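What follows is a short report on a single structure.
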Amino acid sequence: MNDLDSLVDGAKAAFAQAATPAELENAKAVYLGKAGRITELMKGMAQLSVEEKKTRGAAINVAKQAVEAALQARRQALSDAELEQQLKAESLDVTLPGRRRQAGGLHPVSRTLERIEQIFASMGFDVADGPEIETDWHSFTSLNNPPNHPARSMQDTFYVDMKGADGIPFNLRPHTSPMQVRYAQQHVARHKAAVEAGGAMPEIRVIAPGRTYRVDSDATHSPMFHQCEGLWLGENVSFKDLKVVFTDFCRTFFESDDLVLRFRPSFFPFTEPSAEIDIQFQSGPLAGRWLEVAGSGQVHPNVVRNMGLDPERYIGFAFGMGPDRLTMLRYGVNDLRLFFDGDIRFLRQFQ
Ligand code: DAH
């Protein structure tokens, strides 16, 4: 192998070793630069004869062209590799599964509320919504529970740093019972007009579900919870109707006729007489235990009067039940707080 051949081989090897365009430019300078090996060879021809210059010059040129070709080939290879790399980095795997839109679902307590509304609507009850921030009068006094009455401690709640027209701070309603009075008041004009026109007295038949608040927190109590109020007033509405309506409701709600009710004497300022409603399943995992689901009673004449209605003509019953409790019983959940922790792993099980 002559010196030119080994020079070309050396250049090829140096170019092949260059891993980046910058390294390649350095290697190029060694061979083709102003002070490079080929320039040196050209300079070295000065002492040769004219005849020798001709052949030597032609041979150096061939070698130079071979080095240049090798350089060009390496440049191309490096830029191809770079492109390849870039394409790989930006590549899109069209075989990957797409990102699915997460479908939301109803909270278990919302499901219960919807169920309650449907069942009572089918029995001719209106569904009403009311404020969670209440006046002292609506939450207590109108319900025959005057200021300083010890029965107020049954419903200890939170107060808002703002006073109503009566000078008493607003409260976060401790029960949905204020909706009895609010709803009746809204319908008093309609009732008066009907009576004055000599027509039949319209009835009041409503449920009012919603959020309520108390100073309470353990496995079966949360400071925020739900209640659903019920009210049925008319000329002839009795405890018998309460029993029929509530029994029917419970059996429909739990999808079981294998269930009995018990009315246990109790006290509420706004009803007289008053009763707690307990249910007992005759079969299944909860069989044999009495489970309290609602407070109830015949609406107290003072409350009927506060509604703007005549207690001599209007009589009926009211109840207040706990949809959270009903949800726990229906799904077999034993800690109420799970419903309000917002843990998606828990909530997803109800979808
Ligand atoms: N408001 C009562 C409570 O939260 C529940 C209640 C009892 C509601 C009797 C009623 C009723 O309408 O008649 O403890």
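Residue numbers start at 1 and run along the sequence shown. We count ligands from 1, going down the list as the structure has it; atoms in each ligand are counted the same way. From a predicted model like this one, the values you see are computed outputs, not experimental measurements.
- Using a 4.0 Å cutoff on heavy atoms, Phe317 does not count as a contact of ligand 1.
- Heavy atoms of Met321 come nearer than 4.0 angstrom to ligand 1 in no pair at all.
- Side-chain contact of Ser256 with Asp258: a donor-acceptor pair under 3.5 Å is absent, judged by distance alone.
- Against a heavy-atom cut-off of under 4.0 Å, Gln227 is close to the following atoms of ligand 1: 3 (C), 4 (O).
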Please test Asp216 against Arg337 for salt bridge (charged side-chain N to carboxylate O under 4.0 Å, His left out), starting from the C-alpha separation and ending with a verdict.
CA-CA 12 Å; Asp216 249 347; Arg337 291 167 294 196; over 6 Å; no
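- A donor and an acceptor atom, one from each side chain of Arg305 and Ser142, are nowhere located under 3.5 Å apart.
- An N or O contact shorter than 3.5 Å links Arg214 to ligand 1 by distance.
- Contact annotation: for Phe319 versus ligand 1, heavy atoms closer than 4.0 Å belong to the backbone alone.
- Residue-to-ligand polar distances keep Gly230 apart from ligand 1: every N/O pair is separated by 3.5 Å or more.
- If you number the atoms of ligand 1 from 1 as listed, the ones under 4.0 Å from a heavy atom of Glu229 come out as 8 (C), 10 (C), 12 (O).
- Counting heavy atoms under 4.0 Å from ligand 1, residue Ser296 touches it through the backbone alone.
- Contact analysis leaves Met154 out of contact with ligand 1, as no non-hydrogen atom separation drops below 4.0 angstrom.
- With Phe225 as the aromatic partner, Arg211 does not meet the cation-pi criteria of under 6.0 angstrom to the ring centre and within 45 degrees of the ring axis.
- For the pair Arg330 and Phe253, the cation sits on the ring face: its NZ or CZ lies under 6.0 Å from the ring centre, inside 45° of the axis.
- Considering all non-hydrogen atoms of both residues, Leu336 and Met328 come closest at N-CE, 3.6 Å.
- Classification of the Phe140-His175 ring pair by plane angle, with boundaries at 30° and 60°, yields tilted.
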